[in-house]
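Please read the structure below before turning to the comments.
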Amino acid sequence: MTLGGDVSPDETAWEHVGPIWLWRGKGKDGQPSSMSWHFLTIDGEVAEAIRVASSGQSAAWGSVYVEAGIGKTYWRTSVFPSKAIQGYMLPIKASVRKAEKLADGDVITVRITLSKGPSR
């Protein structure tokens, strides 16, 4: 399996493959907190295609509204830019992970399309 992604002919829908990873917050004392989020890194050609297709449409902090799908589960969310990875981070909600039986480190395929508004 190759990690990465494909750009669709309509230039507003993409498929990307990669591992889910866990981000943990830190408390004021510098110790790990109970706050955590699961993400998928969107980089390479797919990140560049999102950047081009969403030019002038980004929301707060440069986020981009998208509809995402993994398996049979679809939801509206935003991808968030990351200078460190030169791409975006897609948050994977707990309800999605539960519905698709996903865990930290699982390699997944996500379908992403641009959305006109925020999640509901």
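Any value given below was found using the heavy atoms of this structure, including those in side chains, with hydrogens, waters and symmetry copies removed.
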Flag side-chain contact, heavy atom, 4.5 Å: Phe80 against Pro91
yes
Please name the pair of heavy atoms, one in Ser54 and one in Val64, separated by the smallest distance, quoted to 0.1 Å.
OG-CG2, 3.5 Å
With rounding to the nearest 0.5 angstrom, report the NZ to OG1 distance, Lys93 to Thr77.
7.0 Å
For Trp37, check side chain to side chain contact (heavy atoms under 4.5 Å, CB included) against everything at least two apart and list the hits.
Trp23, Phe39
Are the charged groups of Arg111 and Glu15 less than 4.0 angstrom apart, N to O?
no
Is there a side-chain contact between Asp106 and Trp21 (heavy atoms, below 4.5 Å)?
no
Could you pull out all residues at least two apart from Leu22 that satisfy side chain to side chain contact (heavy atoms under 4.5 Å, CB included)?
Arg24, Ser36, His38, Asp104
Who passes side chain to side chain contact (heavy atoms under 4.5 Å, CB included) against Glu100, sequence neighbours left out?
Ile70, Lys72, Thr73, Leu102
Looking only at atom types and distance, does a side-chain atom of His16 sit under 3.5 Å from a main-chain N or O of Ile112, one as donor and one as acceptor?
no
Side chains of Leu114 and Tyr65: does their closest heavy-atom pair fall under 4.5 Å?
no
For Trp14 against Ala49, the heavy-atom pair lying closest together:
NE1-CB, 3.2 Å
Would Ile108 and Val17 satisfy side chain to side chain contact (heavy atoms under 4.5 Å, CB included), going step by step from the backbone distance to the final call?
CA-CA 6 Å; Ile108 60 170; Val17 179; over 6 Å; no
Residues Ala68 and Val110: closest non-hydrogen pair is CB-CG2, 4.1 Å
Smallest separation among heavy atoms of Ala47 and Gly87, with atom names
CB-CA, 3.7 Å
Nearest 0.5 Å, please: how far is CG in Asp43 from CD in Gln86?
10.0 Å
May I ask you to test the Ser78-Val66 pair for a side-chain heavy-atom distance under 4.5 Å?
no
The reported gap from OG1 in Thr12 to CD in Glu67 (rounded to nearest 0.5 angstrom) is 10.5 Å
